[in-house]
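Worksheet for the structure shown next.
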Amino acid sequence: SLGGSLRDALKKIASASRLDKTLVDETVREIQRALLSADVNVKLVMNISNRIRDRALSEKPPAGMNPREHVINIVYQELINLVGRSSDVALKKQTIMLIGLQGSGKTTTAAKLATFFQRKGLRTAVICADTFRAGAYDQLKALCERQGIFFYGDKGNPDAPSVARIGLEAAKRYDVKIVDTAGRHALESDLIQEMKDIHAVVNADHKLLVMDAALGQQASEQARAFNEAVGITGVIITKLDGTAKGGGAMSAVAETKSSVAFIGVGETPNDLERFEADRFISRLLG
Amino acid sequence: VILDEKDLQEPLWALEMALLESDVALPVAEEIVTSIRQELVGQKKKIGSDTGQLAEGALKNAILKVLSRNLMDFDQFMKESSKPVKILFVGVNGTGKTTSIAKVAKYLKDRGYSVVMAAGDTFRAGAVEQMEVHGARLDVKVVKHKTGGDPAAVIFDAVEYAKAHNKDVVLADTAGRLHTNINLMDQMRKIVRVTKPDLMIFVDEAIAGNDAVERARLFNQSVPISGTILTKTDADAKGGSAISIAHITGKPIIFLGVGQDYPDLVKFEPEWLLDRLFG
Ligand SMILES: Nc1nc2c(ncn2[C@@H]2O[C@H](COP(=O)(O)OP(=O)(O)OP(=O)(O)O)[C@@H](O)[C@H]2O)c(=O)[nH]1
Ligand SMILES: Nc1nc2c(ncn2[C@@H]2O[C@H](COP(=O)(O)OP(=O)(O)OP(=O)(O)O)[C@@H](O)[C@H]2O)c(=O)[nH]1
Ligand SMILES: [Mg+2]
Ligand SMILES: [Mg+2]
C-alpha cells in the first residue's frame with residue numbers, strides 16, 4: 001500500500017546518520033504519491049513537497065529529534081498549515097446555511113447538525129430550502145421528525161429564497177436555524193445565482209461547504225467558486241467512514257482559507273464528529 | 001534517433017501530471033505511463049519530430065484501448081434481450097443512481113419500451129418518495145414497499161408486475177452503500193441472487209478522485225458489474241475517473257450523466273473523453 005512505501009522511505013531515513021539529497025528526494029517522492037493518491041490538489045502537492053524538501057535539507061533537527069522524526073514533523077507541520085485546527089463551533093444563537101455539490105451529504109448533515117445542537121441544549125430548527133430535488137422535502141422532514149426537530153418546508157413553493165425567508169420567520173423562536181439547500185456546481189450559473197439570492201435572504205452567520213471525502217481534483221475550483229459567491233466560513237467533510245482520504249476537501253479548505261468544523265462518518269444523525277487535524281492527517285498519509 | 005529513458009522523462013512526467021489533474025487515479029496513471037514508456041523506449045524517432053507529441057500520441061492510444069474494452073451497445077442489448085429485461089443499479093452514496101434510473105426510464109420510453117421502476121432503496125429517508133415523484137412525472141409505474149422492507153422483495157415484486165402486465169423493462173434502484181460496509185455488500189449480493197438481473201449497472205460520479213478505483217474494484221469483485229454510468233460530468237469534470245473505472249473493471253462506460261434533468265443522459269463515446277483530456 002502507499003502508506004507502506006512511505007513508511008519504508010521513512011525507515012531508511014531513520015537508519016541514516018544524516019540526510020542526503022538522494023534520500024530526501026526519495027522520501028519526498030513517496031510523500032507526493034501519498035498526497036496525490038489522497039486526492040490533494042496536484043499543484044498544492046508540488047508546492048508542499050518543494051517546501052518539505054527544502055526544509056528537510058536546510059533545517060537542523062531540533063535537539064533530541066532524529067532525522068526521521070524531523071522529516072515527519074516537517075510533513076505534519078506543512079499539512080496542519082493547510083487544513084488548520086478544527087473550527088470553533090460556538091454554542092449560541094446562530095443561523096447556518098449548508099451548501100455544496102450534488103450528493104455531497106448536505107441534507108443528511110442538516111439533520112446531524114441539528115441533532116448536535118439540540119443535544120447541547122439549543123432549540124434547533126431546520127428549513128428545507130431545496131425546492132428542486134424530487135423528495136427533498138420528504139427526506140429532510142423524515143430525518144427531522146425522527147429526532148424531534150422542528151422542520152419547515154413548502155412543497156408548493158418553488159422559490160427557494162422565499163421558502164427560506166418564510167421558514168426563518170416560522171422558526172424565529174429557535175436558537176439555531178439550519179437552512180438546507182439544493183446541490184449545485186460552479187458551472188450552473190442559475191443555481192449559483194439562486195444560492196446568492198438565498199444568502200441575501202438568510203444572511204447566515206455560518207455558510208458551511210459540505211464536501212464528500214472522495215471529491216477529486218475539482219474540489220479547489222468548486223470551493224473557490226462557492227467562496228466567491230457567498231463566502232465560506234467552514235467546511236464539513238462527509239463519508240469519511242469509507243476509504244476516501246479527503247485530500248480534495250483539504251485542498252478546498254486551503255484554497256478558501258477556512259477550516260473544518262465537523263466530519264460525517266455515517267448515514268445516521270449520530271454520525272457527526274468534531275474534526276481532529278492530527279487524526280485526519282495521519283489517515284490521509286495512509 | 002533512438003528514444004531513450006532520459007528523452008522520455010520530461011514529456012512522460014508532464015503527461016502523468018495531466019492525467020492526475022484530470023482525476024485519473026494515481027495507480028492507474030502510473031500504470032498507463034509505465035506501459036507507454038516501455039512501448040516507446042528503443043523506438044526510432046525521426047530527427048526533428050517532437051518527443052512530447054510522440055508520447056501524447058502513445059497516451060491517446062493507450063487510453064483509447066482501455067475505454068474501448070467490451071464496448072456495449074445499450075440499444076442493441078435492449079433489442080436482443082428477452083423481456084422483461086431486469087436492470088439493477090448499484091453504487092456508493094449520492095452518486096446519482098436514482099436520478100440516472102429516471103433518466104434511463106425516459107430514454108427507454110422515448111424508444112417505445114414500457115418501463116417499471118422498482119423502489120429498491122428501502123432504507124434512506126425520502127428514497128421511495130423521490131422515486132414516486134419521478135414515476136409521476138414520467139408516467140412510469142413505481143413498485144414500492146414500506147421503508148424498512150426487504151429490497152430483494154420489492155424488486156422481485158416489480159419483476160412479477162412486469163411479467164403480469166407485459167412490461168419490457170424493470171429498472172431497480174438500490175440504496176447507496178459504501179464498498180467497505182460488509183453487511184451492505186452482502187445485502188447487494190443477496191439482491192442479485194434473488195432477482196437475477198440481466199444487467200448490473202455501477203453508477204459513479206465523474207467528480208470522484210482516487211476512491212473511484214477502490215469502489216469500482218470492490219463492487220465489480222462483489223457482483224460482477226456489466227458496465228458503468230458516470231454522472232456529474234457537467235461539473236467541468238475532466239472525466240479521468242472514467243479511465244480509472246474502465247481500467248480496473250474491464251467493463252464499458254455505457255452512459256454519461258450530463259446534468260440533473262431527464263434528457264441529461266448521453267451514450268458514452270471514448271472520443272468524448274479524449275477531447276476533454278487533450279482538446
Ligand atoms: N456513509 C456515509 N453516507 C453519507 C454520509 N453523509 C451522507 N451520506 C449519504 O450520502 C447520500 C447523499 O446524502 P444527501 O444528504 O442526500 O446529499 P445532498 O448533498 O443533500 O444531496 P443533494 O441535495 O441531491 O445535493 C445519502 O445516501 C446519505 O445517506 C456519511 O458521512 N457517511
Ligand atoms: N449536475 C449533475 N447532477 C446530478 C447528475 N446525476 C445526478 N445528479 C444529482 O446528484 C444528486 C444525487 O442524486 P441521486 O439520484 O439522489 O443519487 P443516489 O445515488 O440515488 O443517492 P443515494 O440513493 O442517497 O445513494 C441529486 O441532486 C441529483 O440531481 C448529473 O449527471 N449531473
Ligand atoms: Mg439534499
Ligand atoms: Mg438513491
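Chain naming here is simple, since letters A, B, ... match the order of the sequence lines and numbering starts at 1 in each. Any value given below was found using the heavy atoms of this structure, including those in side chains, with hydrogens, waters and symmetry copies removed.
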Practice task
Inspect the surroundings of NZ in B:K251 and state if more than 12 heavy atoms from other residues, nucleotides or ligands are less than 6.0 Å away.
Solution key: yes
Exercise for the section: Flag the one option from A:G105, A:A134, A:G135 with the top tally of heavy-atom pairs under 4.5 Å to chain B. Expected result: A:A134
Practice task
Check each atom of A:N41 against the heavy atoms of chain B and say whether the ones under 4.5 Å are side chain, backbone, both or neither.
Solution key: neither
Handout entry: Largest heavy-atom contact set with chain A, pairs under 4.5 Å, which of B:E132, B:K232, B:R137, B:E214
Key = B:K232
Practice task
Please look at A:A186 and chain B and tell me whether the side chain, the backbone, both or neither of the residue comes under 4.5 angstrom of a heavy atom of that chain.
Solution key: neither
Practice task
Using a 4.5 Å cut-off on heavy atoms from C-beta on, say whether the side chain of B:Q130 contacts that of A:R133.
Solution key: yes
Practice task
Go through the atoms of A:R146 and report whether side chain, backbone, both or neither lie under 4.5 Å from a heavy atom of chain B.
Solution key: side chain
Exercise for the section: Under 4.5 Å heavy-atom distance to chain B, tell me which part of A:E221 shows up: side chain, backbone, both or neither. Expected result: neither
Practice task
Answer yes or no: is there a side-chain heavy-atom contact under 4.5 Å between B:I207 and A:Q222?
Solution key: no
Exercise for the section: Quick one: pull up CG in A:L36 and CE in B:M17 and give me the separation to the nearest 0.5 Å. Expected result: 6.0 Å
Practice task
Drop me the distance from B:L178's CG to A:T243's OG1, to the nearest 0.5 angstrom.
Solution key: 8.0 Å
Practice task
Taking the side chain as every heavy atom from C-beta outward, state whether A:F132 and B:Q260 have any pair of such atoms under 4.5 Å apart.
Solution key: yes
Handout entry: Top contributor to chain B interface from A:G183, A:G103, A:G247 [non-hydrogen pairs under 4.5 Å]
Key = A:G103
Practice task
Answer with side chain, backbone, both or neither: which region of A:L191 has an atom nearer than 4.5 Å to a non-hydrogen atom of chain B?
Solution key: side chain
Handout entry: Heavy-atom closest pair, residues B:A235 and A:Q218
Key = O-OE1, 3.1 Å
Practice task
Consider only side-chain N and O atoms of A:S37 and B:N210, and report whether a donor and an acceptor are under 3.5 Å apart.
Solution key: no
Problem - Nearest atoms (heavy-atom pairs only) where B:D211 meets A:A214 - result: CB-CB, 4.0 Å
Exercise for the section: Tell me, for B:D261 versus chain A, whether the close heavy atoms (under 4.5 Å) come from the side chain, the backbone, both or neither. Expected result: side chain
Exercise for the section: Can you tell which part of B:D234 gets under 4.5 Å to a heavy atom of chain A, answering side chain, backbone, both or neither? Expected result: both
Practice task
Sequence neighbours left out, what pairs pass side chain to side chain donor-acceptor pair (under 3.5 Å) with at least one residue falling in residues 10-25 of chain B?
Solution key: A:K43-B:E21
Handout entry: A:Q193 atom CD, neighbour heavy-atom count above 12 within 6.0 Å
Key = yes
Handout entry: Selection from B:A206, B:A29, B:G240, B:G94 maximising heavy-atom pairs under 4.5 Å formed with chain A
Key = B:G94
Exercise for the section: Give, as side chain, backbone, both or neither, the part of A:E267 having an atom under 4.5 angstrom from any heavy atom of chain B. Expected result: side chain
Practice task
Let me know if A:L215 has heavy atoms under 4.5 Å from chain B in its side chain, its backbone, both or neither.
Solution key: both
Handout entry: Pairs of heavy atoms under 4.5 Å with chain B: top-ranked of A:Q217, A:K239, A:K245, A:M46
Key = A:Q217
Problem - Residues in residues 138-145 of chain A near chain B [non-hydrogen atoms, under 4.5 Å] - result: A:D138, A:Q139, A:A142, A:L143
Practice task
Report the distance from atom CG of A:D241 to atom CG of B:N181, rounding to the nearest 0.5 Å.
Solution key: 8.5 Å
Problem - Residue, of B:S241, B:A25, B:G96, B:A125, that accumulates the most heavy atom pairs under 4.5 Å with chain A - result: B:A125
Handout entry: Contact origin within B:E205 toward chain A - heavy atom pairs under 4.5 Å
Key = side chain
